[in-house]
Amino acid sequence: MKLEKLVGDRFKERPADCQVDSHALMIRGGYMKNVANGIYSSYMPLKRITRKIEQIIREEMDAIDGQEVQFPVVMPASLWQESGRYDSIGKELLRFTDRNGAQMVLGMTHEEAAVQLVREYGQSYAKYPFMIYQIQTKFRDEARPRAGLIRVREFTMKDAYSFHTSQEDLEQYYDKCHKAYERIYARAGIPEVVSVKSDSGMMGGNVSHEFMLLTPIGEDSIVICNECDYRANMEAAENIVENETEAMQELTKVHTPEMHTIEQVCEFLHVDAKKSMKAVVYQRNSDDKYILIFVRGDLEINETKLTNYLGCDVHPGVITEESGIQAGFIGPVNQNADSIVLFDRSLKGTTNLVCGANEVDYHYTGLNMEREFPDAEYVDLAKVVEGGICPCCGKKSLTISRGIEVGNIFQLGTKYTKAMHMQYTDENGELQTPIMGCYGIGVGRMAASICEAHHDEYGPIWPISIAPWEVEVCCLRVDDEETKSVADKLYQDLQKDDVEVLYDDRDIRPGAMFSDADLIGAPIRVVVSPRNLKEGVVEITTRDKAVQEKIPVADAPAYVKDLKAKLFAEIESKVEAY
């Protein structure tokens with residue numbers, strides 16, 4: 001491929017609306033163009049990258065007995081009504097009516113389509129287990145698209161669905177898929193991706209993991225233990241605290257004039273926030289029922305934990321005069337508001353707490369949970385904090401990092417097969433419901449994440465396994481007959497050796513040529529110039545500058561081919577065997 005024929009412009013200035021480096025570099029490098037908010041068209045370099053990522057995914061899915069299928073982009077609403085998700089999912093699901101008046105949806109995920117495809121096929125236990133997958137364009141009407149391809153509305157995704165006759169069989173296959181995902185990321189040049197326990201969200205199921213590329217620009221907070229292998233998304237991380245025991249004080253009402261926040265009260269009474277109880281107010285979306293959550297004063301509520309516990313969506317409470325809730329002075333003692341009252345687990349065993357007295361300008365001191373509320377039930381609703389206690393090893397060793405989700409896997413159970421009446425006859429002639437697993441990877445997001453992890457100020461540093469081109473040949477003086485002749489022959493010889501080559505023989509300044517080469521990010525660069533040819537050599541470098549050599553012209557093709565093999569070998573050395 002000659003660079004002069006490559007559609008798409010490259011430029012120096014960083015676009016003003018790009019929040020992260022990968023987005024800026026892909027726009028500057030002529031990888032993609034914005035069409036609408038969260039929707040992009042891809043130029044050839046990005047298409048070549050995603051095609052290679054897809055091929056890696058296909059090979060790993062095929063290696064664990066996956067069968068590639070194709071689901072429709074548009075589905076009848078009746079499928080989603082069968083599963084119950086048509087009404088439970090919000091505006092992310094794009095709904096419309098076709099010309100015949102039929103209700104339709106634009107696919108954002110394909111669990112329903114997967115069940116519909118195989119429920120007649122899977123009527124006998126002898127057909128199990130099996131896994132089907134697709135690589136398909138999807139649409140999610142994301143409220144806040146951001147960071148280029150990292151959070152979009154239209155995206156390409158690999159989603160796979162496995163079907164089993166026992167939980168044990170699902171767990172075995174789930175572990176196999178987990179290993180396949182590790183191989184995918186390693187082969188694509190990001191072996192540093194880690195898997196974390198996650199919240200299943202709208203997908204359902206009891207067990208799920210997200211695969212995270214740790215980076216400061218990530219949207220998700222990842223809880224990691226530095227002493228053991230515990231890793232979890234903040235939404236799923238268990239919060240464990242230690243509370244000091246003290247001699248019990250009397251429950252005493254004290255005057256706290258104009259002290260509305262927990263910080264103000266603790267400063268006024270000279271107590272640590274850990275010795276206080278604060279109230280957080282929510283309301284159920286369905287009926288606006290108030291939910292009062294009491295938690296240790298130094299902690300925050302994790303809304304995902306709350307909605308999972310309640311089994312419904314909530315929103316921050318709007319306190320009215322009729323509610324019976326005294327804003328700024330809410331406490332559990334003599335609490336008479338019509339509400340659901342929940343105690344976070346951080347309060348278990350606490351003594352001598354400060355809390356609201358449900359009366360303007362008054363708080364209690366000396367509250368003892370076991371004495372005042374002996375029948376209280378405790379729920380884990382708080383967020384984990386830096387330096388918190390690991391639920392696995394018990395050490396105060398938790399750290400919180402940021403990460404980009406580059407894949408997820410779920411043990412769905414029977415959520416979809418049961419709702420959609422998929423059954424099989426077992427060995428005894430009894431009807432049973434198959435168990436499902438689900439496994440997803442966003443292809444475009446993965447490409448952007450790799451760019452985010454591997455770049456410098458000049459452009460992407462693509463791993464050779466997914467680079468748009470393996471080698472770029474730069475001819476610095478097209479008006480010099482010898483230089484042009486050597487560069488032309490090198491381009492032809494490398495192509496004959498099955499090396500993917502981008503050839504830049506434009507009549508432009510070397511600085512501009514190198515700037516474009518940095519933006520394209522080919523792992524190997526070969527520079528042909530009159531100066532080097534006086535010595536009978538060409539200059540060969542790697543994009544990361546790890547290799548910088550001058551090689552005789554006659555030896556250059558073999559050297560490049562050998563260097564390519566070494567770069568691939570470096571990647572393969574980090575891929576664990578099955």
Side-chain angles (χ1 to χ4, degrees), residues 57-72 75-86 88 107-136 138 157-184 195 197-198 200-211 407-441 577-578:
I57 292 172
R58 281 190 174 94
E59 290 171 5
E60 294 300 331
M61 292 296 97
D62 292 348
I64 56 173
D65 300 321
Q67 301 177 54
E68 187 169 5
V69 298
Q70 186 82 53
F71 301 125
M75 291 169 279
S78 57
L79 272 184
W80 288 66
Q81 289 164 346
E82 278 190 71
S83 70
R85 289 205 298 175
Y86 186 79
S88 64
M108 56 184 283
T109 180
H110 280 78
E111 284 74 15
E112 289 83 358
V115 172
Q116 191 272 341
L117 180 67
V118 299
R119 60 181 162 189
E120 285 79 23
Y121 166 82
Q123 293 182 352
S124 168
Y125 75 93
K127 300 291 183 68
Y128 293 82
F130 60 89
M131 185 269 271
I132 54 177
Y133 74 94
Q134 67 163 354
I135 298 176
Q136 167 72 278
K138 297 175 183 287
M157 182 175 177
K158 185 280 299 179
D159 48 328
Y161 307 94
S162 63
F163 295 80
H164 309 268
T165 57
S166 70
Q167 179 64 27
E168 180 183 13
D169 190 56
L170 169 59
E171 290 173 3
Q172 290 175 354
Y173 193 80
Y174 188 85
D175 291 341
K176 189 183 293 187
C177 226
H178 191 287
K179 177 65 69 176
Y181 270 47
E182 291 176 337
R183 287 177 54 84
I184 287 168
S195 71
K197 182 181 178 183
S198 66
S200 297
M202 70 173 180
M203 303 299 293
N206 297 320
V207 178
S208 60
H209 288 81
E210 292 171 340
F211 291 82
N408 49 54
I409 56 178
F410 303 87
Q411 292 185 25
L412 295 177
T414 59
K415 173 181 171 66
Y416 296 93
T417 50
K418 186 175 182 179
M420 298 181 69
H421 308 291
M422 180 176 178
Q423 293 182 314
Y424 67 91
T425 304
D426 66 14
E427 300 94 320
N428 302 315
E430 301 290 332
L431 287 177
Q432 305 290 347
T433 301
I435 302 169
M436 283 181 70
C438 171
Y439 320 90
I441 291 179
Y578 282 114

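Position 1 is the first residue of the sequence; numbering continues from there.
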Do the side chains of Q411 and I435 get nearer than 4.5 Å, heavy atoms only?
no

| said: Evaluate R119 against E82 for salt bridge (charged side-chain N to carboxylate O under 4.0 Å, His left out), listing each step before the verdict. | reply: CA-CA 13 Å; R119 60 181 162 189; E82 278 190 71; 2.9 Å; yes

Here the pair of heavy atoms bringing G440 nearest to Y181 is N-OH, 2.9 Å

Which is it for E111 and K415 under the salt bridge (charged side-chain N to carboxylate O under 4.0 Å, His left out) test, yes or no, and what are the steps along the way?
CA-CA 10 Å; E111 284 74 15; K415 173 181 171 66; over 6 Å; no

**Prompt:** Okay, side chain of D426, backbone of N428: is any donor-acceptor separation there less than 3.5 Å?
**Reply:** yes

Side-chain touch Y416/M436, heavy atoms, less than 4.5 angstrom
yes

On a heavy-atom basis, the closest approach of M131 and G66 is CE-CA, 3.5 Å

Query raised in the report: Counting distance only, does the side-chain N/O of T433 pair as donor-acceptor with the main-chain N or O of K418 below 3.5 Å?
Result: no

One should read off an interatomic distance between I57 CD1 and I135 CD1, to the nearest 0.5 angstrom, of 5.5 Å

Rounded to the nearest 0.5 Å, the OG atom of S124 sits from the CD atom of E427 at a distance of 9.0 Å

Output for pair (E210 CD, F410 CZ), nearest 0.5 Å, gives 7.0 Å

Exercise for the section: Give a yes or no on whether the ring-centroid distance for F163 and F130 is below 6.0 angstrom. Expected result: yes

Output for pair (Q172 CD, Q167 CD), nearest 0.5 Å, gives 10.5 Å

To the nearest 0.5 Å, atom CE of M420 lies from atom OG1 of T414 at 13.5 Å

In terms of heavy-atom contacts, Y128 and H164 come closest through CD2-N, 3.9 Å

A577 and R183 have their tightest heavy-atom pair at CA-NH1, 3.8 Å

With heavy-atom distances below 4.5 Å as the criterion, would you say the side chains of I64 and K179 are in contact? no

Requested in this report: Carefully, step by step, assess R85 and T109 under the rule side-chain contact (heavy atoms from CB on, under 4.5 Å).
Outcome: CA-CA 11 Å; R85 289 205 298 175; T109 180; 3.1 Å; yes

Heavy-atom nearest pair, G107 first then M75, reads CA-CE, 3.4 Å

*asked:* Tell me whether Y161 contacts the main-chain N or O of H110 through its side chain, where contact means a donor paired with an acceptor under 3.5 Å.
replied: yes

Open item on the list: Using side-chain heavy atoms (C-beta onward) and a distance below 4.5 Å, is S208 in contact with N408?
Closed with: no

* Would you kindly check if the NZ (Lys) or CZ (Arg) of K158 is within the cone defined by 45 degrees around the ring axis of Y133 and under 6.0 Å from the six-membered ring centre? => no

To the nearest 0.5 Å, atom OG of S195 lies from atom NE2 of H209 at 5.5 Å

- Item | Close side-chain approach of H178 to F211, heavy-atom, < 4.5 Å | yes

Query - Close side-chain approach of I132 and F71, heavy atoms under 4.5 Å - result: yes

Within the structure provided, determine whether Q134 and D159 are in side-chain contact (heavy-atom separation under 4.5 Å). yes

- Task: Measure from the side-chain N and O atoms of Y125 to the backbone N and O of G429, and report whether any donor-acceptor pair falls under 3.5 Å.
- Result: no

Practice prompt. Check whether any side-chain heavy atom of M61 lies under 4.5 Å from a side-chain heavy atom of E68, and answer yes or no.
Written response: no

Closest heavy-atom pair, L170 versus S162, reported as atoms and distance to 0.1 Å, is CD1-OG, 4.1 Å

Donor-acceptor pair, distance only, cut-off 3.5 Å: does the side chain of S166 make one with the backbone of D169?
yes

From the list M108, Q136, K138, side-chain contact (heavy atoms from CB on, under 4.5 Å) with M157 holds only for K138

